[in-house]
Amino acid sequence: MNISVKKRLSDLRDVLRRESLDAFIFPSSDPHNGEYVPEHWQGRKWISGFNGSAGTAVVTMDTAALWTDSRYFIAAENQLAGTEFKLMKEGIEGTPSIIEWLGMKLALSPNPMVGIDGRVNDDATVEELIQGLRANGGITVRTNFDPLDVIWHNRPTLPLDKVVIYPILYAGEGCKSKLCRIRKQLRALHAEGLLVSSLDDIAWTLNLRGSDVHCNPVFVAYLLISHKNATLFVDSRKLTSEVKSYLRQEGVDVAEYTDVDRALLKYKEYNILLDKNVINYSLYNKVSCRKVNTQSPVPLLKARKNATEINGFRNAMLRDGVAMVKFLRWLKPAVQTGGQTEISVSDKLASLRAEQLLYKGISFDTIAAYQEHGAIVHYVPTPESDVPLKPEGFLLLDSGAHYLDGTTDITRTIALGRVTDEQRKIYTLVLKGHIQLCTLKFPRGASGTQLDALARKDMWREGYNFLHGTGHGVGAFLNVHEGPHQIRMEYMPAPFMEDMTITDEPGLYLEGRFGVRIENVLLTVPYKKTVFGCFLEFVPLSLCPIDLSPVILSLLTPDEILWINDYHKLVYDRLSPLLDNDHRQWLQEATKAIDTHLHPM
């Protein structure tokens, strides 16, 4: 039994007993509905021991369970071992929902009551829970209590790192202009105001950056925008005199972070736009005026990059590509020599990126996964799990960096030596999926769900599939995961427009054996206009050779080989002028065109 988790569950149940609660629900989110959150709000991790970015823990008086998605099935199984928590695999047939599970567990409890902190759960989730539990056994829900305030001793405080101005040189558009465009969108939606809760939306709107969240250059705040005024709610200790002066010049008032509740209670406009899927339950219900329940216009505005941001992405990808080439040239000889592990190669790549101009840190914890660890979709090596690399099998390396002018996210699966026929087949299927999506032409306004099948069709034909998303937006020196557009099997209605960034990252994972993923960041650009409308296509932004040594060339079509040759020519043409002679020669060999005469289809 995990002693720490056992003690925390015991303390929790003492508090639940005193509060007459039969169960408590711990989400992964924070008051800003963030995917990655400050330590202060990592309650689900603290109570369960599971550290993935997605999951919900539920504790009753005599049992506990944790729900998470396919990215974390293997990791969660390992991390929950030795605790009371039972893993609930979301999306798998037979897995009960949280509402169904609580209905069964509390069926014999008189007047059952479940607790959930309304400050760290979006309004839509809490309302669904209230209605669902009422229908499943008449269970009531309490939303105004957080047991972690009582039992989490030495709970981390919120960071006080300084907020910094993001220069117009990289942002490409001023704060006043962005506020003007947001207000124009609000008028079109017949909304008088907007509460911006998502931290990356606030950072983008105000051209400010911070360091409150690991690997995400954002700061904890709220932004209230009306048709005349804008107020930033933030801990004033985080603001330098320069930032305060800048905000005054941009027409933005400043109030304390904790004042947002009172501001909403006193809000005097006719209505306010609040997205029930983003704004937390407590704040949503502070507002007494008419609510416009729809999506905020900010994410879509942010998703479409301006010319300066696009140019910044291209420049950041150049520097990132140089670091990747230096790493790949070093990797296989280093593994042959011996002494390399998952952590050591991760550190090596980080050091090479740190040599690049405008580097600001990694954009997420590097996934350096050797062989069977590659089947754990979001595996991050630890001192306990770290393994030595051998000159055989696959290393799956998913990594990225923040530069002042752009954010990168790239995955390469590298054959460190001999690989099996099965590994070659899986690798080739993943590469085919990557190419099929990258070369797709599609009508403007199509959703990611409509595009997703192209990356999977060859895998499906062979009876394989992957359960994570195929693509996500990438921020401009902002969060590496950015919406609202995504490419995935689940319905994602956000339309694709030109100037959006998106990743292309299909993968296949064989538990206990190996995993393969290949990822580039793409840019959505115009393709052609016809009588049927405007069509779009993708062009790659990431610049790094793809390992062709595991590929079964006979499984590739002529068009797929043409794409590989064209992409590798682009990589060489863009990166070679930035490399010394040794690295240039290595890159020339790594991007050598596939000779179709030697490999007829």
Side-chain angles (χ1 to χ4, degrees), residues 303 305 310 313-314 317-318 320-321 324 396 398 400 406 408-413 426-444 446-461 464 466 468-474 480 482 485-489 492 496-508 516-528 535-548 550-551 553 555-575 590-591 593-594:
K305 311 307 181 194
I310 292 171
F313 267 106
R314 294 189 185 281
M317 296 294 176
L318 280 171
D320 206 64
M324 286 295 298
L396 191 159
D398 188 345
T408 70
D409 182 2
I410 186 169
T411 307
R412 291 294 183 265
T413 302
I426 294 296
Y427 186 95
T428 307
L429 288 174
V430 171
L431 178 58
K432 287 172 70 70
H434 178 91
I435 295 170
Q436 288 300 313
L437 181 58
C438 186
T439 56
L440 179 65
K441 320 301 183 196
F442 56 96
R444 188 177 191 267
S447 76
T449 309
Q450 294 167 311
L451 312 185
D452 181 79
L454 268 294
R456 301 176 189 264
K457 69 180 184 68
D458 291 297
M459 301 176 187
W460 286 348
R461 186 181 297 116
Y464 296 104
F466 59 96
H468 62 71
T470 308
H472 58 81
V474 179
V480 73
E482 182 176 275
H485 59 300
Q486 295 183 43
I487 300 176
R488 59 190 315 121
M489 287 197 298
M492 300 299 299
F496 267 81
M497 305 288 184
E498 55 271 28
D499 304 326
M500 286 179 165
T501 55
I502 189 72
T503 63
D504 174 4
E505 50 181 312
L508 286 175
V516 174
R517 186 162 64 252
I518 299 171
E519 174 188 20
N520 279 345
V521 178
L522 313 177
L523 178 68
T524 313
V525 299
Y527 170 55
K528 65 166 64 172
F535 286 75
L536 306 176
E537 65 179 340
F538 296 125
V539 295
L541 291 174
S542 302
L543 298 169
C544 178
I546 296 169
D547 189 357
L548 297 182
V551 174
L553 291 173
L555 295 183
L556 298 180
T557 67
D559 284 344
E560 289 166 346
I561 289 180
L562 178 63
W563 181 89
I564 292 171
N565 288 343
D566 287 346
Y567 176 67
H568 275 166
K569 183 178 186 303
L570 172 71
V571 170
Y572 182 80
D573 289 347
R574 296 293 304 278
L575 295 184
T591 58
I594 299 170

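Just so you know, these numbers use all the heavy atoms, side chains as well, and skip hydrogens, waters and symmetry mates. Counting begins at 1 with the first residue of the sequence.
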Side chains of [X] and [Y]: does their closest heavy-atom pair fall under 4.5 Å?
X: Leu556; Y: Val551; result: yes
X: Met497; Y: Thr524; result: no
X: Ile502; Y: Gln486; result: no
X: His485; Y: Met492; result: no
X: Ile435; Y: Thr557; result: no
X: Arg461; Y: Leu429; result: no
X: Phe466; Y: Val430; result: no
X: Ile518; Y: Tyr427; result: yes

In Å and rounded to the nearest 0.5 Å, what is the [atom1] to [atom2] distance from [X] to [Y]?
X: Leu437; Y: Asp504; atom1: CG; atom2: CG; answer: 4.0 Å
X: Lys528; Y: Leu536; atom1: NZ; atom2: CG; answer: 13.0 Å
X: Ser542; Y: Leu522; atom1: OG; atom2: CG; answer: 7.5 Å
X: Met459; Y: Leu508; atom1: CE; atom2: CG; answer: 4.0 Å
X: Met317; Y: Leu523; atom1: CE; atom2: CG; answer: 9.5 Å
X: Leu318; Y: Thr408; atom1: CG; atom2: OG1; answer: 12.0 Å

Quick check, are the ring centers of Phe538 and Phe442 under 6.0 angstrom apart? yes
Can you give me the closest heavy-atom contact between [X] and [Y], atom names plus distance?
X: Cys544; Y: Val571; result: N-CG2, 3.6 Å
X: Leu451; Y: Ala446; result: CD2-CB, 4.3 Å
X: Pro540; Y: Leu570; result: CG-CD2, 4.2 Å
X: Trp460; Y: Tyr464; result: CD1-O, 3.3 Å
X: Pro506; Y: Gly433; result: CG-C, 3.9 Å
X: Gly448; Y: Ile487; result: O-CG2, 3.6 Å

Less than 4.0 angstrom from a charged side-chain N to a carboxylate O is my criterion; do [X] and [Y] meet it?
X: Asp566; Y: Lys569; result: no
X: Glu498; Y: Lys305; result: no
X: Asp547; Y: Arg412; result: no

Test your reading of the model: is there a side-chain donor-acceptor pair from [X] to the backbone of [Y], 3.5 Å cut-off?
X: Thr470; Y: Arg488; answer: no
X: Asp409; Y: Gly400; answer: no
X: Thr501; Y: Gly473; answer: no
X: Thr591; Y: Tyr572; answer: no
X: His472; Y: Thr503; answer: no

Can you name the residues that form a salt bridge (Lys or Arg N to Asp or Glu O under 4.0 Å) with Glu519, not counting sequence neighbours? none
Ring of Phe535, cation from Lys441 - is the NZ or CZ under 6.0 Å from the centre and inside 45° of the axis? no
Going through the checks in order, is the side chain to side chain contact (heavy atoms under 4.5 Å, CB included) test met by Leu396 and Val516? CA-CA 6 Å; Leu396 191 159; Val516 174; 5.6 Å; no
Trp563 vs Tyr567 aromatic rings, parallel, tilted or perpendicular, using cut-offs 30° and 60°? parallel
Evaluation steps, side chain to side chain contact (heavy atoms under 4.5 Å, CB included), between Ile410 and Val521: CA-CA 7 Å; Ile410 186 169; Val521 178; over 6 Å; no
For the pair Glu537 and Leu440, evaluate side chain to side chain contact (heavy atoms under 4.5 Å, CB included) and give the outcome as yes or no after the intermediate values. CA-CA 6 Å; Glu537 65 179 340; Leu440 179 65; over 6 Å; no
Evaluate Gln436 against Glu560 for side chain to side chain contact (heavy atoms under 4.5 Å, CB included), listing each step before the verdict. CA-CA 8 Å; Gln436 288 300 313; Glu560 289 166 346; 2.9 Å; yes
